[in-house]
Amino acid sequence: MRFLIMNGPNLNLLGTRAPEIYGSKTYADLCAYIRQRADSLGVYVDFYQSNHEGDLIDRIHSAMGIYDGIVFNAGAYTHYSYALHDAIESVPVPVAEVHISNVDAREDFRKISVIRPSCAFTISGKGFDSYTEALARFVSEMKG
Ligand code: DQA
């Protein structure tokens with residue numbers, strides 16, 4: 001099984017951006033943590049991060065036929081990008097919505113996710129484990 005771990009805007013700044021919310025570990029630390037879990041699950045992972053909506057959309061489109069699922073932290077695009085909602089809906093690849101922080105316990109605008117209806121499930125507020133739990137859930141669901 002092959003999964004794409006995709007991160008949207010500002011997640012490249014993990015470690016320095018609001019560490020009281022997102023922690024002091026970097027984006028590289030995040031990737032290493034997920035890779036370790038992927039190895040223990042026996043699945044293959046690729047990583048992609050972009051600060052640009054169109055690049056994220058292109059990457060979702062090109063996931064067709066390559067990946068069994070996408071674990072996606074869309075950052076602030078979560079809250080207003082109907083284009084990402086439509087991209088997710090337009091491909092047969094299941095997408096898990098993940099967030100490091102608990103978006104339901106923060107500002108009102110973060111409580112709205114416009115991508116959620118097109119996603120298979122959401123995991124929020126578990127730090128880096130939001131990603132690894134999403135990966136493990138995909139694997140257990142797909143292995144049946
Ligand atoms: C985030 C939450 C979003 O509201 C925010 O814009 C982010 C990160 C999270 O992982 O907690 O960039 O998706």
Side-chain angles (χ1 to χ4, degrees), residues 1-41 43-64 66-142:
M1 280 185 229
R2 201 178 178 101
F3 296 92
L4 177 63
I5 313 298
M6 201 160 77
N7 279 280
N10 303 307
L11 288 153
N12 55 313
L13 296 182
L14 279 176
T16 51
R17 171 196 183 199
E20 67 287 1
I21 295 171
Y22 301 112
S24 55
K25 300 253 174 72
T26 65
Y27 176 70
D29 293 334
L30 171 67
C31 296
Y33 186 72
I34 297 169
R35 185 169 297 287
Q36 205 175 32
R37 184 74 181 110
D39 288 349
S40 74
L41 289 166
V43 299
Y44 191 88
V45 282
D46 286 324
F47 298 93
Y48 181 70
Q49 189 277 328
S50 175
N51 295 319
H52 305 281
E53 188 178 25
D55 291 340
L56 294 164
I57 291 168
D58 287 344
R59 200 60 203 245
I60 292 168
H61 293 174
S62 65
M64 263 189 292
I66 298 176
Y67 295 104
D68 296 293
I70 301 173
V71 175
F72 187 24
N73 185 346
Y77 284 140
T78 302
H79 313 302
Y80 66 94
S81 176
Y82 295 103
L84 278 171
H85 167 278
D86 287 355
I88 295 166
E89 200 177 55
S90 302
V91 297
V93 185
V95 176
E97 174 194 5
V98 299
H99 302 284
I100 296 168
S101 66
N102 180 2
V103 283
D104 291 320
R106 298 181 61 195
E107 302 97 315
D108 282 348
F109 77 89
R110 295 187 204 275
K111 294 176 183 153
I112 295 159
S113 168
V114 302
I115 67 166
R116 194 159 300 171
S118 59
C119 291
F121 59 88
T122 301
I123 300 180
S124 170
K126 299 193 167 181
F128 287 3
D129 285 332
S130 295
Y131 297 81
T132 52
E133 285 188 18
L135 191 60
R137 179 164 162 180
F138 267 147
V139 173
S140 81
E141 282 177 4
M142 288 172 194

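The chain is numbered in sequence order, starting from 1. Both ligands and their constituent atoms are indexed starting at 1 by order of listing.
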Polar-atom distance check: Ala76 versus ligand 1, any N or O pair below 3.5 Å?
->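 Yes: some nitrogen or oxygen of Ala76 is under 3.5 Å from one in ligand 1.
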
Taking only heavy atoms of [X], which atoms of ligand 1 are found under 4.0 Å from at least one of them?
{"X": "Asn73", "value": "1 (C), 9 (C), 10 (O), 13 (O)"}
{"X": "His79", "value": "3 (C), 4 (O)"}
{"X": "Arg17", "value": "5 (C), 6 (O), 7 (C), 12 (O)"}
{"X": "Tyr22", "value": "2 (C), 5 (C), 7 (C), 8 (C), 9 (C), 11 (O)"}
{"X": "Ile100", "value": "9 (C), 10 (O), 11 (O)"}

Any non-hydrogen atom of Tyr77 lying under 4.0 Å from ligand 1?
->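 The answer is no, since Tyr77 has no heavy atom less than 4.0 Å from ligand 1.
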
Please state whether Val103 comes within less than 4.0 angstrom of ligand 1, counting heavy atoms only.
->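 Under 4.0 Å: yes for Val103.
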
For Arg106 and Ser101, does a side-chain donor sit closer than 3.5 Å to a side-chain acceptor?
->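 Note: Arg106 and Ser101 side chains meet the donor-acceptor criterion.
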
Scan side-chain atoms only and decide if Tyr131 and Asn73 contain a donor-acceptor pair under the 3.5 Å cut-off.
->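 Looking only at side-chain atoms, Asn73 and Tyr131 do form a donor-acceptor pair, the distance falling under 3.5 Å.
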
Aromatic plane relationship, His79 with Phe109 - under 30° parallel, 30 to 60° tilted, over 60° perpendicular |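 Phe109 vs His79 ring planes: perpendicular.
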
Backbone of [Y] reached by a side-chain donor or acceptor of [X] within 3.5 Å:
{"X": "Asp58", "Y": "Asp55", "value": "no"}
{"X": "Ser130", "Y": "His99", "value": "yes"}
{"X": "Asp46", "Y": "Phe3", "value": "no"}

Heavy-atom nearest option to atom 11 (O) of ligand 1, drawn from Ser130, Gly125, Ser113, Ser101 =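 When every heavy atom of Ser130, Gly125, Ser113, Ser101 is considered, Ser101 comes closest to atom 11 (O) of ligand 1.
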
Between Glu141 and Arg137, is there a side-chain N and carboxylate O pair less than 4.0 Å apart?
->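 Salt bridge between Glu141 and Arg137, a charged N being under 4.0 Å from a carboxylate O: yes.
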
Residue and atom name of the nearest protein heavy atom (relative to atom 1 (C) of ligand 1), distance in Å to one decimal =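 Residue, atom and distance for the closest contact: His99 ND1, 3.7 Å.
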
Where's the contact between Arg110 and ligand 1, heavy-atom distance under 4.0 Å: side chain, backbone, both or neither?
->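 It is the side chain that touches ligand 1; the backbone stays farther off.
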
Do Ile100 and Leu14 come close enough that some side-chain heavy atom pair is under 4.5 Å?
->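 Result yes, sub-4.5 Å side-chain heavy-atom pair found.
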
